[in-house]
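So you know, we letter chains A, B, ... as the sequences are listed, proteins then strands, and number each from 1.
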Amino acid sequence: MSERDWTVYDRADLRRGFATVRGDACDVTVALDGLHCAACAARAEKAIAGGAREVHVDVAARSLRFRYEPAVTQLSSLLAALERSGLEPRLLAVPDDTDHGQRRQRLSLARIGVATICAMQVMMLAWPSYFGVDSGPDLEPLLRWAQLSLSIPGVLWAGWPFLSAAATSLRERALDMNVPIALALLAAFAASALRTVAGDGELYFDTATMFVWFLLIGRHLEGRSRDKAHAHLRLLAARRALTAQRRVGRSVETIAIDALAIGDVAIVAPGETLPADGRLIERAAELDEALLSGESRPVVHAVGDVVLAGSLNLGSTALALEVERLGRDTVLAQIAGLLDNASRDKPRVQRIADRLAGHFVAVVLLLAVLGAGLALGNGADGERAFGIALAVLVASCPCALSLAVPAALAASTSRLARHGVLVANAGALTTLADIDTVLFDKTGTLTRNDMVLRRVFSLDGSELSRATEIAAALERGSRHPIATAFASVATRLDAESVRQTPGAGIEGRIADERWWLGAPDSAPWPIIVPADAGQRPDDTLIVLCNPRAAVALFILNTRLRAEASAVVQALGERGMQIELLSGDGAEAVAAVAGRLGITRHAARQTPAGKLAHLQSLQQHGRRVLAVGDGLNDAPLLAAANVSAAMANGAALTQSRADLLLLGDSLRLLPLALDVAQTTRRRIRENLGWALGYNLLVLPLAMTGHLAPWLAAAGMSVSSLLVVSNALRTERRLLPTAALPVQELRA
Amino acid sequence: MSSLYLLIPLGVLVVFGSIAAFVSAVFSGQFEELDAQADKLPDDER
C-alpha cells in the first residue's frame, strides 16, 4: 500500500476541526483500525514517542489520544509513523463540546467522591450523639467543630449544583425541585453551624451530607443515561470528514473539506468516510451506512446512486463520486440537526409534569411550615418542629416527578435513532401510543418510485433479449421512472442522438437504425396487445418500434416495497385500521390494496380530498398516523395526529413529519409503535410511582414519624427507581445493537 | 481519652488531605479509560 499524504493535517486553518488546542499544544484523537492487542498498543506508543506526549491508547475503542506541539512536531510525521507501523490511522473530528463534557464529568465524579468521604466522616463524628454518649464538656465541642469543618466541602461544595440551580430557579420565578432541596440543605447546615458555635442543640450535619451524597448519585446516573442518549449524536459528529481528495485532471489532491465544491469529483479511499453527498460514478461501491439509516449490513450501491456523507467505504478500492450536496445540506448534517432539536424539545407531557412539580414545590413549602407550626401548637419544642419541617422538605421533594418523563423519553428516542427512526418531535412518541388508524399514501410509500419489467412480448417475431437491450440502450441516462425498469439490463449497445418527447416516448439511433420507445397511444404503428399478455389494470405498457414495424411490447409495473405487506400485516395485528389513499386511478389503487390485503382504499384523491378524509376520520374520534413520502402530502402529514415520512436525500428537513424513517424503508414502523406503547407505559408507571410516593411520605413526615435522614434515603431511592425503570425500556425492547461495539465506544 | 484531642483534629486534616488527593486525581484523568491501562505492556525502557 502506498503511503498517504498526511501533510494536509499540518495546516493551521484545519486544526480547529480535529484538535483541541491548549496553549501551544494540541490534543488529538486518532482511530486506529489496525489496533487489536496490547502489543499493537505498545507499537503505537513507540511509533509516536518522539513527538507526542500524554499518550493514551484504548484498545477496546481502537483509538489513540495524544498531545503534540504544532510548532515543534508535525502531525503528519506522527500519522505517517503510525501508518508505517501498520496501524491505519484515521483522524477523528472533535465534537465542539468534548472539552466541556469532560470537565462536567470530572466535576461530577469529584463531587460524588467528596460527598462520600465527608458523609462517612461526619457520621463517624456524630457517633457518640447517636447513642446518647456524653463525651464531656471538652470533647463535645471538638466533635462539633470537626463535623462543621467536614460539612463545608461536603454540603457547600459537593452540593453546589443544587444550591446554584435553586438560585436560578428563584431568579426566574419558577419553583422547581431544587428549591426545597437547597432550602433543606441550607436550613440544616445553617442551624447546625449556629448550634456548633453556641455549643448546644441537635446537629443535622450527618443528614445534610448524606442528602447531598444520595442526590449526587441519583443525578450522576441520570446524567449517564442522558449521555447515552446523545451518543448517537456524538458519533454522527465524529463521522464528519475533515479533508477530501479531489480529482483534478489526472491527479488527485487532498484539500480541506471547505474547499470542496458542488460538481467536483471526490475520491474516497477504502476505509475512509465520504466527505459529501453525491452521485456514485465509474464503479459500484459497498458502503457502511449504519449511522445514517440504522442498517447494520453493508449496502451495495450501483453507479448513479446517491451516496451519503458519513458513510464508510467498505470496498477494497477507492470510489469516486460527483459532489451534489455539501456541509450543512448533507443528510448527515440534517440528521444531526434534527436529533439536536428533538433533544431540546420539551413535549407536552413533560411541560405538564414540570408545572405539576412547580405547584408541588409550593405546596411542600407550605406544608413544611404547617407541619412545624402544628408540632409547636401541640406543645413540641422548637427542636422537634425544626426536624419535622426538615423531614417534610426532604421527603416530599418531587425529584422523581421531574425525572419521570424526560428519562423515559430520552431512553426511547435514543434507541429509535440507533435503529433508524428519528423522532423529530419529542411529543410524538407519547401521541403515537394512542394511534388506532394508519393512513398510507401509495406512490413512494407503499410502492417504490421505480418500476420493474414484468413481461416482454415480441410483436414481430424478433428476439426478445435484443429488443430489451435496445430499450435499455435508449433509456440509459434518462431520469424518467420508466428508465429504472431497464437499469439492470446489461447491454453493449449504444444509442446516439437520443431525443425524448415528454409524455410520448424516446427515440434514438442504434447500430445505424432508428428506434422509438414509448406509450402505445403515441406509437407510429397501431398496436394490438396480445390477448395472453396477462395485463393488470395497474400495468404500464410501452412499445419498441423501428421504421418498419412495432417490435416488442414491455409490461412494466411499479414495484411494491419488499417490506410493505409484512408491515401492513404487522400493523393489522396491532389492531390498527389501515387505509390507502392515492391520487392514482381506481384500478391501480385497488390492485395495490388487493396485493397488500388493505380493504379500505380511495383513489383519485386530490391533496384537499385526502385532508378532508383525514379530518372526517378525526371527527369520528379516530387518532390517525399518516405515512407519506414527506413531500407531496405535506398538508396530510401536518393535519394527522402523528405523521411519519420516509426520509431520504434532501427531503429530510423539508419534511414536516414527526417521525422520520431512515434508510428508505417502512420496516421500522411497527417497531416505532411498540416503542411508543412501552414509553407511555413507563411514563405512567414513573409518574404514578413518583406521585404516590410523595403523597405517601408527606403525612408521615408531617406527623414526625419520619426522621430527616430516612426521608433523604427514601427520596433518593425513589428517583433511582424512576431512572432505572426508564432505562429498562431501553434494554428490554431493543436488544439488538445496530452498531458494532467499537463504533459505540469511538 | 486525652489522645482524642490530638487524633480528632489530625483525622480531619487527613480527610482534607485525601479529598485534595482524590480531586486532583480526578482532574488529571486517572479515572477515565480504566480498561485501557490493563492493555498496556510492561515497558522495561521506561
Q: Checking L107(A) against chain B: side chain, backbone, both or neither under 4.5 Å from a heavy atom?
A: both

Q: Shortest non-hydrogen contact from R53(A) to E69(A)?
A: NH2-OE2, 3.2 Å

Q: For R67(A), check salt bridge (Lys or Arg N to Asp or Glu O under 4.0 Å) against everything at least two apart and list the hits.
A: D27(A), E54(A)

Q: Which bit of S28(B) is near chain A, if near means a heavy-atom gap under 4.5 Å: side chain, backbone, both or neither?
A: backbone

Q: What part of I117(A) lies closer than 4.5 angstrom to a heavy atom of chain B: side chain, backbone, both or neither?
A: side chain

Q: Relative to chain A, which segment of L4(B) carries a heavy atom at a distance below 4.5 Å: side chain, backbone, both, or neither?
A: both

Q: Provide the closest heavy-atom pair for A208(A) versus L185(A) in the form atom of the first, atom of the second, distance.
A: O-CD2, 3.7 Å

Q: Considering only heavy atoms, which portion of F22(B) lies under 4.5 Å from any heavy atom of chain A: side chain, backbone, both, or neither?
A: side chain

Q: Please find the pair of heavy atoms, one from V12(B) and one from S149(A), that lie closest to each other, and give the distance.
A: CG1-OG, 3.8 Å

Q: Any donor-acceptor pair under 3.5 Å linking the side chain of T209(A) with the backbone of S151(A)?
A: no

